[in-house]
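Step one of this worksheet: look at the structure below.
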There are 2 protein chains.
Amino acid sequence: MFELSQLRCFVAVAEELHFGRAALRLNMTQPPLSRQIQILERVLDVRLLERSNRAVRLTPAGQRFLVDARHLLKLAESAAVLARRMASGKAGSINIGFTATSAYSYVPALVAACRRELPDVEISLKEMVSSEQLKRLDSGEIDIGLLRPPIPRGNLDAFRVTAEPLVTALPGDHPLAKAAELRLEDLAREPFIMYEPYEARYFHDLLVELFSRAGLVPNYAQHLAQIHSILAMVHSGVGVALVPEAAANLRFSGVVLRPVLMQWQRPAELFFVRRGDNDNPLLPVIAGVARDLAAQPGSIQSMDRSIQ
Amino acid sequence: MFELSQLRCFVAVAEELHFGRAALRLNMTQPPLSRQIQILERVLDVRLLERSNRAVRLTPAGQRFLVDARHLLKLAESAAVLARRMASGKAGSINIGFTATSAYSYVPALVAACRRELPDVEISLKEMVSSEQLKRLDSGEIDIGLLRPPIPRGNLDAFRVTAEPLVTALPGDHPLAKAAELRLEDLAREPFIMYEPYEARYFHDLLVELFSRAGLVPNYAQHLAQIHSILAMVHSGVGVALVPEAAANLRFSGVVLRPVLMQWQRPAELFFVRRGDNDNPLLPVIAGVARDLAAQPGSIQSMDRSIQ
DNA sequence: TAGGTCGATACCTTTTTTGGATGGATCGGC
DNA sequence: GCCGATCCATCCAAAAAAGGTATCGACCTA
């Protein structure tokens with residue numbers, strides 16, 4: 001089979017229709033160029049150029065082959081460029097897992113930043129609970145997890161990307177909505193909408209500890225896993241709830257969010273997690289983007305901080 | 001830039017994930033194979049394979065490059081195949097000029113035969129008068145001319161493909177239509193529709209000589225260039241005409257064709273003409289098809305010989 | 001017919017590639 | 001934990017390929 005260097009020789013001769021000038025262009029002398037063309041013709045078993053001692057011209061097969069040769073050279077070049085881009089993490093594809101709640105704050109910001117800074121990167125997003133993400137990280141089905149603690153020891157690299165305070169969600173016409181700030185004790189007296197202990201284990205355990213440390217026993221009206229379901233219940237007057245601040249992005253009409261005073265506080269944390277031995281060259285680049293984004297909290301935790 | 005041989009090396013290693021086996025497949029030993037891969041990686045400035053001393057695996061960039069490498073090799077192969085096919089005259093494109101009258105008989109048969117025997121050949125047909133064809137043959141705009149005599153001396157190769165008798169065209173209700181066969185003298189007494197002396201010079205000159213040799217002076221009712229126009233005039237009762245037998249293919253209703261007895265006969269001839277120095281490899285192949293077709297007259301001169 | 005042009009060829013030099021031998025690292029069995 | 005096996009990388013001498021100079025031979029021009 002022929003080689004790409006021979007194609008370059010052929011294209012030069014076909015364009016110059018003159019071996020001497022083509023050789024000049026290729027930074028070589030005429031005899032080896034003649035030989036390369038001969039080898040190419042012998043390998044193909046096709047006469048590509050008609051050399052009539054006074055003029056060089058393309059045969060019909062040569063004309064056709066010239067098109068293909070140019071095409072091949074162009075493809076080879078772009079394959080090299082693409083490989084370099086992928087190796088440097090400027091292109092490629094990556095699978096990201098995220099929790100349902102992170103979709104209200106961090107995930108859109110991360111995706112937007114990646115689209116802006118890495119336009120040729122294909123990001124595929126999959127919503128799944130934290131434990132599922134850990135499993136899929138291990139199996140390699142996702143490259144990045146955006147998940148809640150706890151993060152098990154092992155070959156996982158992780159860093160925190162958001163830490164949001166919890167705020168109270170209550171119906172707009174609720175008496176407590178008039179206050180600018182609530183205390184945890186106020187909530188314990190109201191019917192309280194709680195997180196599911198399994199599907200929303202992180203928030204469930206967080207609130208359990210919160211109330212337990214404050215010595216309060218809330219009045220659970222309902223258990224739900226999804227924040228939007230919880231806000232819908234609040235809206236219907238079923239009770240009040242504690243939700244991460246980014247829930248403001250849902251703009252649930254008729255529901256107001258109020259800061260809540262607590263003795264013992266712990267923010268809702270989201271971690272960027274990846275396997276230490278994942279060699280996808282995009283990973284360090286996207287991790288950098290994710291870290292930069294986490295460093296400027298204003299733009300992340302809540303895309304619109306006005307709490308109505 | 002890299003070479004195709006290096007792509008073949010890379011594909012083999014990527015598929016075997018084992019340098020030794022890949023080298024075996026490539027009919028070489030392992031050390032040069034290792035080096036070729038290293039050269040490829042250095043040229044690209046991209047790590048394609050992760051060699052962990054116990055296992056070989058593709059990096060993400062390598063995975064992507066493998067796709068492109070396979071694609072390039074496939075394209076190179078098909079470019080070579082196509083060049084060979086074109087050189088052998090099994091593929092390619094050819095420009096054919098033809099006269100208006102030949103479109104009723106020989107041209108469709110030739111095109112059909114080419115499509116059948118040379119399915120990958122692209123035939124472009126251009127109708128033009130014989131003199132125009134000679135000009136375009138000379139300039140290289142057409143490769144083949146299907147034209148009427150005379151054919152000038154020069155670097156043209158030509159052979160006759162059809163020789164059709166002239167037949168009389170007359171209205172179905174004409175008194176002479178009852179006869180199975182007419183004599184030329186019968187026609188000289190009728191209003192006669194004649195060919196244009198310039199645009200249809202061949203037929204004009206042919207008929208002029210015909211009548212002159214028979215010592216007849218026809219009564220010219222009208223001069224026209226195109227056979228279908230002439231038949232339309234016959235249909236309208238403007239007069240009678242002499243047309244090549246293949247005009248039967250037009251199936252002009254209300255017009256009948258009758259053989260005509262002549263002392264001095266000359267058929268309407270059509271020639272396949274090409275430049276001697278045209279190196280289109282399709283030419284000899286198509287000339288062969290054309291010659292074969294000419295050798296079986298039944299299928300050509302008239303696709304439907306029944307003269308109504 | 002002499003001089004110039006241009007691709008092919010001959011021949012030599014340089015570079016590249018090849019393949020056997022070997023090195024070094026890792027894994028598995030005992 | 002040692003030993004042998006496996007496997008890729010490296011070294012080196014030999015072979016092959018490519019490149020360069022000089023020259024040939026055909027052809028065109030003057």
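Letters go in sequence order (proteins before strands), and every chain restarts at 1. A quick note: this is a predicted structure, and the numbers were derived from the prediction, not measured.
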Side chain to side chain donor-acceptor pair (under 3.5 Å) against A/Asn280, all qualifying residues, sequence neighbours excluded: none

Close residues, residues 4-31 of chain B, relative to DNA chain C [heavy-atom separation under 4.0 Å]: B/Met28, B/Thr29, B/Pro31

Between the protein and nucleotides 23-27 of chain C, are there any N/O to N/O pairs under 3.5 Å, and if so, what are the atom names and distances?
residue, atom, partner, partner atom, Å
C/dA25, O4', B/Asn53, ND2, 3.4

For A/Arg57, side chain to side chain donor-acceptor pair (under 3.5 Å) partners two or more places apart: none

Contacts of B/Phe19 that satisfy ring-ring contact (aromatic ring centres under 6.0 Å, His included) - sequence neighbours left out: none

Under 3.5 Å, which donor-acceptor pairs do the side chains of residues 67-80 of chain B form with other protein atoms, sequence neighbours left out?
residue, atom, partner, partner atom, Å
B/Asp68, OD1, B/Arg64, NH2, 2.8
B/Arg70, NE, B/Glu15, OE2, 3.0
B/Arg70, NH2, B/Glu15, OE2, 3.2
B/Ser78, OG, B/Lys74, O, 3.2
B/Ser78, OG, B/Leu75, O, 3.1

Where at least one partner belongs to residues 151-161 of chain B, residue pairs that pass side chain to side chain donor-acceptor pair (under 3.5 Å), sequence neighbours excluded: B/Arg160-B/Glu269

Any residue of residues 33-51 of chain A with a heavy atom less than 4.0 Å from an atom of DNA chain C: A/Ser34, A/Gln38, A/Arg51

Pairs satisfying side chain to side chain donor-acceptor pair (under 3.5 Å), at least one member in residues 116-125 of chain B, at least two apart: B/Arg85-B/Asp120, B/Asn95-B/Ser124

Partner residues of B/Phe203 under the ring-ring contact (aromatic ring centres under 6.0 Å, His included) criterion, sequence neighbours left out: B/Tyr195

Check: B/Phe2 ring centroid to B/Phe65 ring centroid under 6.0 Å: yes

Listed partners of B/Phe272 passing ring-ring contact (aromatic ring centres under 6.0 Å, His included), at least two apart: B/Phe159

Partners passing side chain to side chain donor-acceptor pair (under 3.5 Å) against A/Arg201 (at least two apart in sequence or in another chain): none

